[in-house]
Every structure is written in structure tokens, then in C-alpha cells.
Amino acid sequence: MLANIKIVLVETSHPGNIGAVARAMKNMCLSQLTLVSPKIFPSAEATSRAAGADNILMRAEICDSLAEALQDCAVVIGASARSRTISWPELTPRECVNFLQTLPSQTKVAIVFGRENSGLKNHELDLCQYLLRIPCNSEFSSLNLAAAVQVVGYELFLTFGHQEIKAIGDAGAAPLANAEQMEAFYVHLLQTIADIGFLHPEKSRSIMRRLRRIYNRTHLDTKELDILRGILRFSQNHNNNNKSC
Ligand code: SAH
């Protein structure tokens with residue numbers, strides 16, 4: 001999903017803000033930046049504020065109009081600090097992510113951010129299906145552009161970034177265990193529980209449901225599953241040896 005989300009900045013005045021947005025995006029594993037008629041770009045200030053995220057700036061798409069920037073997107077969300085008199089369905093960043101989760105993962109999504117001094121105009125919001133508002137102090141509700149992108153990016157990352165977290169933390173990880181492998185593990189686990197006398201199989205339905213919940217939460221990979229099955233085999237052998245003594 002993160003690879004299919006573009007961050008669109010409309011008529012940004014300060015190149016430093018464009019750089020700071022690129023940095024915020026890279027922190028949150030977002031990579032697609034689109035600039036609609038930026039006032040000054042490219043610029044040394046943008047590159048300097050990107051602080052190492054200049055690859056995002058180099059790959060940024062530049063468009064003359066918002067409509068052109070949104071052409072390939074199925075879902076368009078406009079970020080605004082202000083509630084509007086005409087009402088668009090309004091989402092917080094978390095609600096926005098919850099909504100995105102309901103879409104097929106290949107859906108192209110745009111999140112549009114407005115000008116530093118005047119935000120998005122109503123005719124630009126007309127191109128958006130939803131309005132995204134970051135809840136904050138009602139008497140001081142306008143965040144810096146890059147800070148707004150950071151907050152939205154953070155929510156996206158919390159939900160869609162787990163693959164990236166796994167990739168960063170565990171480069172040589174085995175593939176995730178599939179449903180068939182997990183079912184074989186649960187059969188083995190139930191058998192072991194019965195063999196070692198921890199629970200009678202007939203009484204073990206609710207405990208097995210809880211155990212499934214624990215393991216399903218962790219998304220085990222095949223190597224991790226092998227370790228667990230090794231422990232089960234060891235317990236069964238140990239139990240059989242004790243019985244025969
Ligand atoms: N002065 C402008 C705000 C500009 S801030 C105004 O009154 O609209 C630049 C952009 O950052 C905004 O257009 C919006 O896209 C985003 N932004 C800033 N604060 C936000 C908030 N609280 N919620 C959602 N987006 C926000």
C-alpha cells in the first residue's frame with residue numbers, strides 16, 4: 001500500500017518545506033512525491049532540508065495542474081487545517097488509514113497538501129473524495145506543511161509499514177508460514193498437549209483457540225515454525241522416554 005500512495009504538494013512556496021516533506025516521507029517509507037507548480041524547484045535549500053532523502057526529490061513528478069497529478073489515482077484525499085462550509089466527508093489520519101485498509105492493496109491513492117499561506121482552494125477540494133483533518137488545538141490548527149505530512153505518514157506507517165519493519169530488522173528472514181503449515185503446527189501442538197497430559201483433547205478447544213490467537217498475531221516465518229515444531233517433538237520424545245522408564 002505505501003508504494004501506491006502519492007503525496008501531492010500544491011504550489012508550495014518555500015523549497016525548504018519541499019525538502020522537509022521528502023525527509024518526512026522517507027522516514028515513513030513513502031516514496032512518491034508529486035509537486036504541482038512549485039514556486040521554486042529544484043533548489044539547494046530543498047536538497048539540504050531533505051537531509052539524505054534527496055532521492056525522493058530527484059524522482060519527484062512535476063505537474064502543471066492538480067487534475068494532471070491525480071490522473072492515475074482512484075482515491076483522492078485532501079488535507080486541510082480548516083473545516084469547510086461545503087462539507088466533504090471528514091477523516092482523521094487514523095480514520096483515513098482504516099478506510100485505506102478496506103481497499104485492494106493495488107489501489108492508487110493521492111493525499112493532497114495545500115499552500116503554506118492559503119491551503120487548498122475549494123475547486124481543488126472538489127477533486128478530492130475526502131477531507132483529512134489532523135485533530136489539534138482548535139485555536140491554532142495549522143501545522144507546518146512537513147509536520148502535517150509527518151503525522152499522516154506516521155499513521156500510514158503504523159498500519160502499512162510492518163513489511164518494511166520486518167525487511168529492515170530481519171534482512172535474511174524466511175517466508176511467512178502459510179495457512180497449511182500453520183494448521184499442521186496446530187495439529188502437532190494439540191497432539192503434544194494431549195501426550196504430555198497438559199489437557200485432554202476434548203477439553204482443549206478454548207485453550208487451542210487462545211493459542212491460535214497468540215500465534216496468529218505474531219506472523220511466524222517458516223524457520224520460526226521449524227523451531228517450535230522441534231520443541232514439540234522434543235517434548236513428545238522426552239515424555240515417551242519418561243513413560244518407558
Ligand atoms: N494557512 C493554511 C494552512 C496551510 S498549512 C490554511 O489556512 O489552510 C499547509 C498545508 O498543510 C495545508 O494546506 C494542509 O494540507 C496541511 N495541514 C496543515 N495543518 C493541517 C491540519 N491540522 N490538518 C490537516 N492538514 C493540515
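All ligand and atom numbering here is 1-based and tracks the order in the structure.
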Validation row: Val112, Leu127 side chains within 4.5 angstrom (heavy atoms)
no
By side-chain contact (heavy atoms from CB on, under 4.5 Å), which residues pair with Ser80, not counting sequence neighbours?
Arg82, Arg84, Leu131
If you have a sec, work out which protein heavy atom is nearest atom 3 (C) of ligand 1 and how many Å separate them, to one decimal?
Ser142 OG, 3.3 Å
Name the option, out of Asn117, Val8, Leu145, that contains the heavy atom nearest to atom 1 (N) of ligand 1.
Asn117
For atom 5 (S) of ligand 1, what is the nearest protein heavy atom, given as residue, atom name and distance?
Leu143 O, 3.4 Å
Sub-3.5 Å donor-acceptor pair from the side chain of Gln32 to the main-chain atoms of Ile5, do we have one?
no
Atom 14 (C) of ligand 1 has as its nearest protein heavy atom Ala79 O, 3.1 Å
Quick one, Phe157 and Asn27 - any side-chain contact, counting heavy atoms below 4.5 Å?
no
Please check: side-chain N/O of Glu11 versus main-chain N/O of Arg115, any donor-acceptor pairing under 3.5 Å?
no
Pairs involving residues 94-116, ordered by first then second residue, that meet ring pair (Phe, Tyr, Trp, His ring centres under 6.0 Å) (sequence neighbours left out):
Phe99-Tyr130
Can you name the atoms of ligand 1, numbered from 1 with element, that are less than 4.0 Å from a heavy atom of Arg133?
23 (N), 24 (C)
Which heavy atom of the protein is the closest neighbour of atom 2 (C) of ligand 1, given with residue, atom name and distance?
Gly119 N, 3.6 Å
Residue and atom name of the nearest protein heavy atom (relative to atom 21 (C) of ligand 1), distance in Å to one decimal
Ala81 CA, 3.6 Å
Identify the protein heavy atom lying closest to atom 23 (N) of ligand 1, giving its residue, its atom name and the separation to 0.1 Å.
Ile134 N, 2.8 Å
With a cut-off of 4.0 Å, which atoms of ligand 1 are near a heavy atom of Leu132?
24 (C)
Given Ser138, Ser80, Ala148, which has its nearest heavy atom closest to atom 24 (C) of ligand 1?
Ser80
Lys26 (side chain) donor-acceptor with Asn55 (main chain) under 3.5 angstrom
no
Out of Gly114, Cys136, Pro93, Ser141, who is nearest to atom 12 (C) of ligand 1 when you count heavy atoms only?
Gly114
Quick one: does ligand 1 sit under 4.0 Å from the side chain of Glu116, the backbone, both or neither, non-hydrogen atoms only?
backbone
Nearest neighbour in protein (non-hydrogen) for atom 9 (C) of ligand 1:
Arg115 O, 3.5 Å
Arg59 vs Leu33 side-chain heavy atoms within contact, under 4.5 Å:
no
Distance col, row Gln101:CD vs Leu156:CG, nearest 0.5 angstrom, shows 10.5 Å
Closest to atom 6 (C) of ligand 1 among protein heavy atoms sits Arg82 NE, 3.5 Å
